[in-house]
Amino acid sequence: MIKNKASSVKAPKLLKENKFSPLAIEVVKKLKQSGFQGYLVGGCVRDLLAGIKAKDFDISTNATPEEVRKIFKSSRIIGKRFRLVHVFSRNELIEVSTFRANTSKEDSSSGVVKDSDGKILRDNVWGTLEEDCIRRDFSVNALYFDPIENKLCDFHNGLQHIQKKILVSIGDPLVRFEEDPVRSLRAIRFSSKLNFKISNDVKEAIYQKGHLLGNISNARMFDEFCKIFLTKNALKNFNILESYGVLKYLVNSNHYAERTFGLRFQQAALINTDNRLKASKSITPGFLIAALLWPKLIDASKEQEVLNLKKFFRSMDRIIREQQTLTAVPRKFHGYIKDIWSLQLKLETRLGNQPYKILNHPRFRAAYDFLLLREEAANDSQGIGDWWTKFQKINRLEKIELLKALRESRSGPVEKKFGFLRELS
Ligand code: ATP
Ligand code: MG
């Protein structure tokens, strides 16, 4: 039995109204004026109480999606598996979801549809606040804040768990992770983001139920991939996922041992992603995917320490396709990833006048950054990255000189052995 003792307390000081988006507060106000309940819930309440800036604002209400839609002119109903309403302004979007009933009751007419593994396929049964609480994943995610009354509803000791810095499941995690295996990834993500411990039963459930991630749609897994790897904790999350044996559901990679090029390169790319985000520079999942899969591409194209070009180009599509079965990588990134990979060869050979063309290639910058990461991970002192750093900066005449010097330094045909094979040999 899940304890569900009602508890509504005066909200802690950290939950000041001005820390929330004005639109979110406005939505709660309007819902209440229309006679409904309205609470800020989930990540925004949790993060503020944990001393982190809130990112997105979710609202929970007893109004049905249709009723919410009627109250807000700028809104639309979305979702099938989980119907909710997006209320938006020009630059913001608030998710308003209707209280759901407890999904663990087995009732085929209820609107909760599960598959043979216990996974919830559809979850659109309306309920009360108390019922809604029970179906949330972790106690720290089940705190409901009413900014108008300044009240916090905490049915599962979420506040105490935030203070103790521990992630605790609502209900038996073995059952909850069967209902939705993505909760195991969420546990890892939140514990790493908040620096919280994971309670022992949740840890055990990740080990036992992690394999069910293989049944999750690749679209949902791609969303989770982005949340895990593109939010400043990429390296940390990568290591934790691997330690729980669930990394393989997100990344089509071989397992690389410590101190091998494969792992060092993947780590360099993850650190680079984290650093770029911390410096507010742009990032794209395409670049990180290209990097995480690169060691596998090299493994597949290596033949007695020499690059087999045919295998290299042939393996590209296969490796992307395999990744695609795990996470739905949007189409636009497929060409981007292959461009970065192919350009690695051209950046190295620098044949004839190609360097001029390469410099104007739309993917040059990404491919050059990629090359620098490869050299960093390989402790490579061949200087190709430096050469390109210089080639970008100098004027036309100096470029001609640099290319001439390159030609003269090469006796005979351009090496068949590409430098990056030294990375792996
Ligand atoms: P963040 O937005 O930082 O990723 P969040 O906790 O707000 O964290 P969302 O995915 O935005 O995560 O979900 C909002 C809330 O909805 C969660 O806090 C949780 O209460 C509930 N929730 C979301 N996904 C699930 C799930 N798979 N199982 C149970 N509850 C969930
Ligand atoms: Mg959220």
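Remember, it's 1-based here, ligands and their atoms both numbered in the order they're listed.
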Tell me the salt bridge (charged side-chain N to carboxylate O under 4.0 Å, His left out) pairs involving residues 308-331, sequence neighbours left out? K296-E322, E303-K311, D317-K338, R318-E322

Let me see the working for F177 and Y207 under ring pair (Phe, Tyr, Trp, His ring centres under 6.0 Å), right down to the final yes or no. CA-CA 11 Å; F177 288 14; Y207 287 122; over 10 Å; no

Of all the N, O or S atoms in D56, which one sits nearest to the Mg ion (ligand 2)? OD1

With L174, which residues qualify under side chain to side chain contact (heavy atoms under 4.5 Å, CB included), at least two apart? D172, A205, Q208, K209

Lining ligand 1 at under 4.0 Å, by non-hydrogen atom distance, are residues G42, G43, R46, K55, D56, D58, R135, R136, D137, N141, D180, R183, R186, R189, F190, K193, R220, K227

Where at least one partner belongs to residues 234-248, residue pairs that pass salt bridge (charged side-chain N to carboxylate O under 4.0 Å, His left out), sequence neighbours excluded: none

Are F20 and F145 an aromatic pair by the rule of ring centers under 6.0 Å? yes

Among the N, O or S atoms of D58, which one sits nearest to the Mg ion (ligand 2)? OD2

Could you tell me whether R135 and E179 have a side-chain N and a carboxylate O separated by less than 4.0 Å? no

Is any N, O or S atom of E95 under 2.8 Å away from the Mg ion (ligand 2)? no

Below 4.0 angstrom, N of the basic side chain to O of the carboxylate: do K281 and D369 qualify? no

